[in-house]
Amino acid sequence: MSTLLEVSGVSVSFDGFKAINNLSFRIGPAELRAIIGPNGAGKTTFMDIVTGKTRPDEGRVIWGERSVSLLRMSESRIAQEGIGRKFQRPTVFEDQSVHDNLLMALKKPRGPFAVLFYRPESPDEARVEELAAEIGLEAALPRKAGELSHGQKQWLEIGMLLAQEPKLLLVDEPAAGMTLSEREHTTDILRRAAETRAVVVVEHDMEFVRRLDCKVTVLHEGSVLAEGTLDHVTQNRQVIDVYLGR
Amino acid sequence: MSVSDPQAGFAQAITRPRHRPFILRNPSVGVFLICLALFTLGVTVLSEDYGLGLISTSFVKTLGKTLCLCLVAIAMDLVWGYCGILSLGHFAFFGLGGYMIGMWLMYARTELIVAASMAEAPIPPTPAEITDAIGSQIFGVVGASDFPVVWMFADSFVLQMLLILAVPGLLALIFGWLAFRSRVTGVYLSILTQAMTLALSLYLFQNDSGLRGNNGLSGLQNLPGVQAPQSLVSIWFLWGSALALALGYLLVAWVVSGKFGSVIRGIRDDEARVRFLGYSVEGYKLFVFTLTAVIAGIAGALYYPQAGIINPAEIAPIASIYLAVWVAIGGRGRIYGAVIGAAFVSLVSTWFTGGQAPSVDLGFYRIDWVDWWLVVLGLAFVLVTLFAPKGIGGLVDLLTWRRHPDRHGADLGPDQGSLREEEAET
């Protein structure tokens, strides 16, 4: 299997506390993966490293067919390379319309001058409407994002990620605070996205992970504890110890 | 959509604001331009030389200067209200623009005077003699007579006019590059910009800075080679300032209307998120910072010929703070708010500090507005920040909201399927 992202031997510590300890992880170009683990297992730090927010003390992060290192790139450069990130708390631009939020995320030149002279053309508008339909917000396009419900904001953020057309999608606890039907919709969106690209979902809701029905990586104290199907890892003695306490 | 398929049809029917022409999408631009044109016409008709003579020349100058302050306030609104960078140093760029035009005005006028006085001499003067004479005229006041390096382009009108754009722009570019690259944000950036304007002001206070120290540049109201009286010149400058304000307003409105506006408002609201969308936040901030510095420079270059004098005290840190106060009181994040704030506060301030405001005698204490105006202004700033964060411009919302609730075409009621705005309007 070819590899899209390979993280190997990465360690990072904050004031002596080892948040990530010799972590290795790899994912292919069209794969859905769930990362689970108790609080403080290093899930969010892992995402910070991949997206360039945190620089690791040691280790390598290799990306794409050309096998470039992500460690020297800025956050915006990494995003342009095709890594999209959804934060735990829905972060959309509340003061702007759903339409403008999606338009801003659309994959287009990102430089200040190109953006200054950019005027949306009909293919772009069509793409925005298509995305809005995909996340179920086509009737809300002219509304301000701040008026949306919590679940709708989560979808809008996922829609913005899809608009970026990333090769890898990092999604941090997408189901937090959602109702049951909203969760089902979210699962659909993520599984559909994973047909054409890699999607990594960080979650600690086991029920949601079961619904995703994909390979699971268990993190504990900054390194990989187990990997496999959900049934496989939940039968793992160490995983049970970590989750249920010894 | 699962439940409300009929709504999809309505969504199609909504005319997106984006497809309409610029002026229709931004009705406030048209309203503003009409108001500005009427104002300029009114002042011209009431002025001494072109009309009825109801407005004194000095008041025409005050109004012209106010237009320049409105222009620099627009720049401040773009950098602070839209992009979220609270720069407390934009008056430095304003002052630099003033210095740049002042150098040409002083040089060219002194050159005419010197040439006229030397023309009587029996032997025609050499160019070097003329230059020396101009030098000792201009710099005699600081005990020097040689032209410093910074004056090397002062004899060329075109080059010196370009410096009005280049000097503030370059300073902003270098300063901004250093600050934004190190990701200095928030209050630290504000402090840094204050330090910049203070340092510049202190430097210019020195006699060997080459710009006549604390004397500054003076006599700027006299245009070289122009015999017309000030009553005419003041109206010309009013026209020029109004034109610059109109163009500046259009430029800023255009910049913030499209996707660029979306991105910089995004930076204001959540910088990290914009970065993860793949936009280089630093590049955008630098662009906005530099553009607004250039606008501020142009505003300064139109202001100081009307004021007649510029000295380093003009770019003291407090001036830039006033600028932020104007924009806050007027309402940031809307361009006309900045204009209203700058015009209102600076005119009221002129009235209070000019000694025209009647003192209030409380019996035990006499309130002299010259002394107490700053207290009132400070109080107004605190009250606006606390109780009316939208500023004076927020009043416009109250008016338009009553007539067209800003529902963006959404349902009028809380539940799906209720009457939509488009239906209700027809």
Side-chain angles (χ1 to χ4, degrees), chain A residues 51-53 74-87 91-101 103-108 110-120 122 125 128-129 132-133 136-144 147 157 160-161 163-164 166 170 181 185, chain B residues 1-12 14-19 22 181 183 254-288 290-291 333 406-411 416-417 420-422:
Chain A
T51 53
K53 198 177 174 193
S74 66
E75 290 107 309
S76 53
R77 189 78 199 80
I78 290 176
Q80 286 170 22
E81 278 288 322
I83 298 184
R85 175 173 187 180
K86 196 208 151 302
F87 290 84
T91 43
V92 295
F93 300 107
E94 310 221 339
D95 196 32
Q96 305 189 35
S97 68
V98 171
H99 172 274
D100 287 357
N101 268 283
L103 193 68
M104 212 193 305
L106 221 54
K107 190 176 181 182
K108 286 277 157 188
R110 296 294 207 219
F113 291 96
V115 169
L116 188 61
F117 292 102
Y118 168 84
R119 287 296 175 264
S122 28
E125 294 291 352
V128 165
E129 278 175 27
L137 289 177
E138 70 263 64
L141 268 178
R143 286 188 102 126
K144 278 198 178 181
E147 296 170 5
E157 201 181 357
M160 287 165 74
L161 278 181
Q164 282 178 260
L170 300 172
S181 67
H185 189 169
Chain B
M1 288 296 284
S2 48
V3 210
S4 51
D5 275 322
Q7 282 207 357
F10 291 126
Q12 295 296 319
I14 297 167
T15 43
R16 297 269 145 59
R18 219 150 263 285
H19 298 302
F22 173 77
R181 194 190 52 142
R183 297 209 177 161
W254 176 73
V255 164
V256 301
S257 71
K259 190 155 131 182
F260 192 90
S262 277
V263 174
I264 61 175
R265 277 181 289 151
I267 290 173
R268 174 191 69 192
D269 295 339
D270 193 341
E271 193 176 312
R273 184 74 183 88
V274 177
R275 209 169 265 137
F276 285 117
L277 276 179
Y279 292 97
S280 121
V281 168
E282 288 67 38
Y284 281 81
K285 284 185 170 178
L286 194 56
F287 182 94
V288 171
T290 308
L291 175 68
D406 191 13
R407 301 189 56 83
H408 313 284
D411 300 330
Q416 294 191 323
R420 294 178 67 87
E421 201 180 341
E422 293 74 31

Trainee: What's the spacing between A/E75 CD and B/R273 CZ if we round to 0.5 Å?
Mentor: 13.0 Å

Trainee: When heavy-atom pairs shorter than 4.5 Å are enumerated against chain B, which of A/L116, A/V92, A/L161, A/I83 gives the highest number?
Mentor: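 With the most close heavy-atom pairs to chain B, the winner is A/L116.
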
Trainee: Is B/D270 close to chain A through its backbone or its side chain, or both, or neither, when contacts mean heavy atoms under 4.5 Å?
Mentor: both

Trainee: Heavy-atom pairs under 4.5 Å with chain B - which of A/E94, A/Q96, A/K108, A/R77 has more of them than the others?
Mentor: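 Option with the top pair count is A/Q96.
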
Trainee: Examine whether an atom of B/V288 lies under 4.5 Å from a heavy atom of chain A, and if so say whether it belongs to the side chain, the backbone or both; otherwise answer neither.
Mentor: neither

Trainee: Pick one of side chain, backbone, both or neither for A/Q164, based on which atoms fall under 4.5 Å of a heavy atom in chain B.
Mentor: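 The side chain, not the backbone.
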
Trainee: Is the shortest heavy-atom distance from the side chain of B/Y279 to the side chain of A/S76 under 4.5 Å?
Mentor: no

Trainee: Out of curiosity, A/R110 CZ to B/K259 NZ, how far, rounded to the nearest 0.5 Å?
Mentor: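 It is 6.0 Å, given to the nearest 0.5 Å.
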
Trainee: Would you call A/M160 and B/L277 a side-chain contact if the rule is heavy atoms closer than 4.5 Å?
Mentor: yes

Trainee: Relative to chain B, which segment of A/E81 carries a heavy atom at a distance below 4.5 Å: side chain, backbone, both, or neither?
Mentor: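 For A/E81, neither part sits under 4.5 Å from chain B.
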
Trainee: Counting only non-hydrogen atoms closer than 4.5 Å, does A/R119 touch chain B with its backbone (N, CA, C, O), its side chain (CB onward), both, or neither?
Mentor: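 A/R119 touches chain B through side-chain heavy atoms alone.
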
Trainee: Kindly assign one of parallel, tilted or perpendicular to the pair A/F117 and B/W254, based on the angle between their ring planes and the thresholds 30° and 60°.
Mentor: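 Judged by the thresholds at 30° and 60°, the geometry between A/F117 and B/W254 is tilted.
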
Trainee: Below 4.5 Å, heavy atoms only, C-beta onward: do A/T91 and B/F276 meet side chain to side chain?
Mentor: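 Not in contact.
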
